S.K.: 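My questions will all concern the structure given below.
Please read these numbers as outputs of a predicted model, since none were measured by experiment.
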Amino acid sequence: MGTRRRTVRSLVAKLTRAAAPDREQAEAVAELRLLSKVDGGSGGGDADGDDYRLAIAEEGAIPFLVGALRSEDATLQENAITTLLNLSTLAPNRELIMSARGLSDAFLHVLRFGATPSAVRNAAATVYSLLIDEPFRPILGSKPEIVSAVVDLLRSPDAGPRTTKDALRALFVMALYPLNRPKLVDSGVVPVLFSLLISTPSAGIVDDATAVAAQVAGCTESLEAFRAVSGIRVLVALMEGGSGRAKENAASALLNLARCGGDEAVREILTVDSVVAAATDLVDVGSERARSKASALVSILGVQDSLHPLSDGSNY
């Protein structure tokens, strides 16, 4: 048995020892957090970190870490969720985390009542990390409490930029699974996204929020939600004056609305007088992907004229 494995086994034994004092367990989790983020040194690799992360999971720490998410000890809770985040960078560990008993309730507790801003942020980041694996997207998307808790992070006045970006990344990957999109609409994500788009001064958050909006637009339920917040006008304005990525995402969102909403959506989009000019300009000067989306949008709006569609038919 290697030194790393012996070290981890000793720490995990402290977690599972029934008679262990709470302080000893908390110290063990703090040590596991440090080991789970070890770098591979100046060689540029992360072999040491991967070894520790695999060992921590394989030695049985995950059930205790999940249980510790409900701890009233703020430091223990933060160390536990951060360790889980670090472990979740490896695919085998993601499977073990997802199979842990009580995971959903424990994550929900941290997302809703995290003792520190870092704990809440790392909970959102862990949800994102778990969603990297496609099979887990329908599983987490089927839990409305988790979906709503992540959406509510975008509403919170206490959420900092990093928490907002982690929540947006989680929602984006969740929305890559088409059957999650109506659930996201039901969760109220659309008004939250457009509130961000209107109010945030951060170009990065606008880019991320429009990426989520483009995915959520890809379901029939989205049109009414977008209409209720004048979302189409906001998207057209972003197609005219947003960053390069925001323009592409806005065009993608309008295209998905038109594709999923049919004639009603097309008529709604065309009520914004400048939409055709904005899309045509994007065809002329946008990135390759933006030109593809804008050209397909012009085509589906029935005002193709001399433009040649470049769309590959895929969503953002």
S.K.: Under the side-chain contact (heavy atoms from CB on, under 4.5 Å) test against F107, which residue among L140, V66, I81 passes?
M.R.: I81
S.K.: Exactly one of R6, R53, R5, R4 should register a salt bridge (Lys or Arg N to Asp or Glu O under 4.0 Å) with E59. Which one does?
M.R.: R5
S.K.: Is there a donor-acceptor pair under 3.5 Å between the side chain of T210 and the backbone N or O of V206?
M.R.: yes
S.K.: Spell out, as yes or no, whether a donor-acceptor pair under 3.5 Å connects the side chain of R137 to the backbone of L130.
M.R.: no
S.K.: Counting distance only, does the side-chain N/O of N122 pair as donor-acceptor with the main-chain N or O of T82 below 3.5 Å?
M.R.: no
S.K.: Nearest 0.5 Å please: distance from the CG atom of L76 over to the OG atom of S71.
M.R.: 4.0 Å
S.K.: Check for a donor-acceptor pair, side chain of S230 on one end and backbone N or O of R233 on the other, with a separation under 3.5 Å.
M.R.: no
S.K.: Looking at S195, is its backbone amide N or carbonyl O close enough to the side chain of S199 to form a donor-acceptor pair, meaning the two atoms are under 3.5 Å apart?
M.R.: yes
S.K.: Let's go through T126 and V110 carefully: what are the C-alpha distance in whole Å and the side-chain angles of both, what is the deciding distance for side chain to side chain contact (heavy atoms under 4.5 Å, CB included) to 0.1 Å, and is it a yes or a no?
M.R.: CA-CA 11 Å; T126 307; V110 183; over 6 Å; no
S.K.: Just by distance, do the side chain of S10 and the backbone of T7 share a donor-acceptor pair under 3.5 Å?
M.R.: no
S.K.: Please check: side-chain N/O of S99 versus main-chain N/O of L96, any donor-acceptor pairing under 3.5 Å?
M.R.: yes
S.K.: Under the 3.5 angstrom rule, does the side chain of S187 hit a backbone N or O of L184 as a donor-acceptor pair?
M.R.: yes
S.K.: Is any side-chain N of the basic residue among E78 and R33 closer than 4.0 Å to the acidic one's carboxylate O?
M.R.: yes
S.K.: Flag the pair R169 and D166 as a salt bridge only when some basic side-chain nitrogen lies within less than 4.0 angstrom of an acidic carboxylate oxygen.
M.R.: yes
S.K.: With a sphere of 6.0 Å drawn around CZ of R112, does it hold more than 12 non-hydrogen atoms of other residues, nucleotides or ligands?
M.R.: yes
S.K.: Hydrophobic clustering (ILVMFWY, side-chain heavy atoms < 4.5 Å, transitive) - are L15 and L85 grouped together?
M.R.: no
S.K.: Within the distance-only criterion (no hydrogens, no angle test), does the side chain of S274 pair as donor or acceptor with the backbone N or O of A277 below 3.5 angstrom?
M.R.: no
S.K.: Between R291 and E288, does at least one N-O distance fall below 4.0 Å, as a salt bridge requires?
M.R.: no
S.K.: Hey, does the side chain of Q77 reach the backbone of A115 with a donor-acceptor pair shorter than 3.5 angstrom?
M.R.: yes
S.K.: If you take the centroid of each ring, where Trp contributes its six-membered ring, are F172 and Y128 closer together than 6.0 Å?
M.R.: no
